[in-house]
Q: 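Can you keep this structure in mind? I'll have questions shortly.
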There are 2 protein chains.
Amino acid sequence: MEHMNIDNILNNIYPLPDQSKNLLKEKIYEITCPKAHILFKVNRIASKVYFLKKGIVRAYANPEEEEITFWFGKEGDAVLSMKSYVENQKGYETIESLEPCELYEIQTEDLKQLYNTDIHIANWGRKFAEQELIKVEERFIFRQCKTALERYKELINNDPDLLQRVQLVHIASYLGITPVSLSRIRSELK
Amino acid sequence: MEHMNIDNILNNIYPLPDQSKNLLKEKIYEITCPKAHILFKVNRIASKVYFLKKGIVRAYANPEEEEITFWFGKEGDAVLSMKSYVENQKGYETIESLEPCELYEIQTEDLKQLYNTDIHIANWGRKFAEQELIKVEERFIFRQCKTALERYKELINNDPDLLQRVQLVHIASYLGITPVSLSRIRSELK
DNA sequence: GCCATTTCTTATCATTTGATAAGTTTTCCC
DNA sequence: GGGAAAACTTATCAAATGATAAGAAATGGC
């Protein structure tokens with residue numbers, strides 16, 4: 001997939017007037033990280049939000065017992081610990097890069113200050129949360145309506161490159177099944 | 001449970017300065033509805049958001065095939081079709097009262113206009129979406145980590161009155177199991 | 001209060017998914 | 001490029017959940 005530049009990423013969430021966008025961009029820096037880098041560690045309070053320019057990451061919960069990969073981030077996605085971002089509390093997830101990544105970084109402190117002073121950025125932040133909300137809610141419902149096979153098929157259709165870029169262990173967990181079960185499904189489809 | 005007044009409901013989401021709160025309250029009206037009233041119908045574009053003063057409601061998806069109750073709203077909760085509210089598109093859920101209800105009602109149009117003109121209300125709207133987001137995300141992860149038995153136990157602990165107020169068919173669906181399976185779990189616990 | 005209807009439970013059997021383990025393929029590193 | 005490690009598949013068996021149906025309990029209307 002192509003690189004995503006910051007203007008497109010910000011605009012895709014909610015178009016901002018130039019002045020507000022520049023306020024935001026003043027606080028944003030580019031960083032890179034290697035594969036298998038931990039961007040957020042569980043039980044920490046996150047101080048940064050990232051936007052993914054290039055690469056792929058996953059968020060997983062419950063690392064003591066059984067790892068649950070509940071989210072993949074790709075080019076253009078925001079990468080953050082939601083719980084930590086929203087409530088300023090310990091996050092329940094760890095976020096790890098699955099490829100070498102290029103990221104845009106902003107301090108949550110800076111972001112929150114902008115929310116309080118610029119109404120366009122406040123509404124941008126509102127839209128961001130709203131869009132993420134819809135995504136989780138839809139996935140929550142979909143998960144319950146559909147069988148593992150249907151969920152796998154849907155992934156193939158909507159996110160084919162994920163299968164090329166991500167280990168099947170993580171795909172399986174994302175689909176809510178075991179790797180063995182995923183293997184079974186894949187062999188049935190051949 | 002006690003009645004919830006509108007000031008508490010609004011403040012619990014995000015404390016607003018009096019002036020902003022009054023702007024909001026000017027647009028809010030009280031209504032009532034009987035039991036089994038449909039507040040939102042699937043595939044419609046919703047024009048209203050409610051806050052529940054008294055009563056209990058449920059949201060369910062997939063009404064053609066198998067009903068999936070994915071949310072209960074109680075005193076103090078906001079009642080709305082998220083998809084419709086966020087994207088101005090057809091909602092995937094139907095929302096139905098399970099008791100006679102007293103509600104505060106606001107037009108989404110009015111709300112959106114306030115978002116664009118009052119920064120405090122914009123941030124209130126942001127906080128609202130953020131809090132709802134965390135709730136769904138936590139439930140999504142919890143659903144995958146825990147067995148049906150654990151999920152039922154957690155419901156008993158965190159939401160005991162739900163069992164008194166709501167039919168077990170809906171509880172079962174909310175927990176992601178069949179009513180028969182829930183019965184089995186309940187009898188094992190005795 | 002009584003009957004009809006709805007809701008809930010119990011029982012039986014089928015299906016799906018998980019757990020474990022062994023085998024195969026791929027990847028990675030020297 | 002060869003060998004070790006990791007990732008994936010396949011096979012077998014166990015456990016959890018679903019489907020169906022029949023019976024018990026609760027609810028609601030007259």
Side-chain angles (χ1 to χ4, degrees), chain A residues 34-37 56 58 60 62-70 72 96-100 140-156 160-190, chain B residues 34-37 56 58 60 62-70 72 96-100 140-156 160-190:
Chain A
K35 185 175 172 172
H37 179 76
I56 195 160
R58 73 174 178 122
Y60 59 98
N62 216 22
E64 319 84 40
E65 305 170 35
E66 200 204 346
E67 258 181 30
I68 310 280
T69 296
F70 63 91
F72 291 113
E96 171 196 47
S97 62
L98 301 175
E99 292 174 357
F140 184 85
I141 295 169
F142 188 80
R143 167 71 55 94
Q144 191 163 336
C145 294
K146 307 293 178 180
T147 65
L149 174 64
E150 289 170 316
R151 292 187 323 252
Y152 178 68
K153 278 184 184 166
E154 201 253 4
L155 187 77
I156 293 176
D161 66 316
L162 216 59
L163 286 162
Q164 306 307 318
R165 298 170 77 183
V166 174
Q167 289 185 13
L168 291 177
V169 214
H170 300 143
I171 302 270
S173 176
Y174 181 75
L175 291 173
I177 54 180
T178 59
V180 178
S181 202
L182 178 56
S183 245
R184 207 156 24 198
I185 286 170
R186 283 161 59 83
S187 71
E188 277 163 23
L189 281 183
K190 280 187 298 200
Chain B
K35 186 176 171 170
H37 179 77
I56 195 160
R58 73 172 178 122
Y60 59 98
N62 215 22
E64 317 83 42
E65 305 171 34
E66 198 204 348
E67 257 183 31
I68 310 280
T69 297
F70 63 92
F72 291 114
E96 170 197 50
S97 63
L98 301 175
E99 292 174 357
F140 184 84
I141 296 170
F142 188 81
R143 167 71 55 94
Q144 191 163 337
C145 294
K146 307 291 179 182
T147 64
L149 175 63
E150 290 170 314
R151 286 176 343 240
Y152 178 66
K153 280 184 182 167
E154 201 253 5
L155 187 78
I156 293 176
D161 67 316
L162 215 60
L163 286 162
Q164 307 307 317
R165 300 171 76 182
V166 173
Q167 288 184 14
L168 290 178
V169 215
H170 301 144
I171 303 268
S173 175
Y174 181 74
L175 291 173
I177 53 180
T178 58
V180 178
S181 202
L182 177 57
S183 246
R184 205 155 28 196
I185 286 170
R186 284 161 58 84
S187 71
E188 277 161 24
L189 282 182
K190 279 187 298 199

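Numbers restart at 1 for each chain; the letters A, B, ... are given by sequence-line order, proteins then strands. These numbers come from the heavy atoms of this one structure, side chains and all, not from hydrogens, waters or symmetry mates.
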Q: Closest heavy-atom contact between A/Y152 and A/I185?
A: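 Distance-wise, the nearest heavy atoms are CD2-CG2, 3.8 Å.
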
Q: Without decimals, in angstroms, what is the distance between A/L168 CG and D/dA6 C1'?
A: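 Taking atom C1' of D/dA6 as the reference, CG of A/L168 is at 13 Å.
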
Q: Give the rounded distance in Å between these two atoms: CD1 of A/I171 and P of D/dC8.
A: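 Rounded to whole Å, this separation is 9 Å.
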
Q: Please report the distance, rounded to the nearest Å, between NZ in B/K146 and P in D/dA16.
A: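 Atom NZ in B/K146 sits about 16 Å away from atom P in D/dA16.
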
Q: About how many Å separate CD1 of A/I156 and CD of A/E154, when rounded to the nearest 0.5 Å?
A: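 Taking CD in A/E154 and CD1 in A/I156, the distance rounds to 10.5 Å.
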
Q: Taking only residues two or more places apart in sequence, or in another chain, which ones meet B/E99 in a salt bridge (Lys or Arg N to Asp or Glu O under 4.0 Å)?
A: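 Result, salt bridge (Lys or Arg N to Asp or Glu O under 4.0 Å) vs B/E99: B/R165.
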
Q: Would you kindly give the CZ-to-P distance between B/R143 and D/dA16, to the nearest whole Å?
A: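 So the two atoms are 18 Å apart, to the nearest Å.
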
Q: Check every strand shown and say whether B/R186 touches a base, only sugar-phosphate, or nothing at a heavy-atom separation below 4.0 Å.
A: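 If one applies the 4.0 Å heavy-atom cut-off, B/R186 turns out to touch the sugar-phosphate alone, with no base involved.
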
Q: Please list, in 5' to 3' order, the outermost nucleotides of DNA chain C lying under 4.0 Å from any heavy atom of chain A.
A: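 Terminal contacting nucleotides, 5' to 3': C/dT17 to C/dT20.
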
Q: Hey, do the aromatic rings of B/F72 and B/Y174 have their centres closer than 6.0 Å?
A: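 When the ring centroids of B/F72 and B/Y174 are compared, they turn out to be within the sub-6.0 Å range.
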
Q: Among residues 172-183 of chain A, which ones have heavy-atom contacts with DNA chain C below 4.0 Å?
A: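 Under 4.0 Å from DNA chain C: A/G176, A/I177, A/T178, A/V180, A/S181.
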
Q: Here's a test of your reading of the structure: between B/Q167 and B/S187, which maps to the more 5' nucleotide of DNA chain C?
A: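 So the residue in question is B/Q167.
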
Q: Tell me the closest heavy-atom pair linking B/K35 and B/S97, and the distance in Å.
A: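 Minimum heavy-atom separation between B/K35 and B/S97: C-OG, 3.5 Å.
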
Q: Check whether A/E67 reaches the backbone of A/S173 with its side chain - one donor and one acceptor, N or O, closer than 3.5 Å.
A: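 Side chain of A/E67 to backbone of A/S173: no pair is present.
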
Q: So which heavy atom on A/R186 is nearest to which on A/L163, and how close?
A: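 Heavy atoms only, the tightest pair is NH1-CD2, 4.2 Å.
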
Q: Could you measure the distance from the CG atom of A/L98 to the OG1 atom of A/T69? Nearest 0.5 Å is fine.
A: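 Nearest 0.5 Å value for the CG-OG1 distance: 8.0 Å.
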
Q: In whole Å, what is the span from the CZ atom of B/R165 to the P atom of D/dT27?
A: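 Rounded to whole Å, this separation is 16 Å.
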
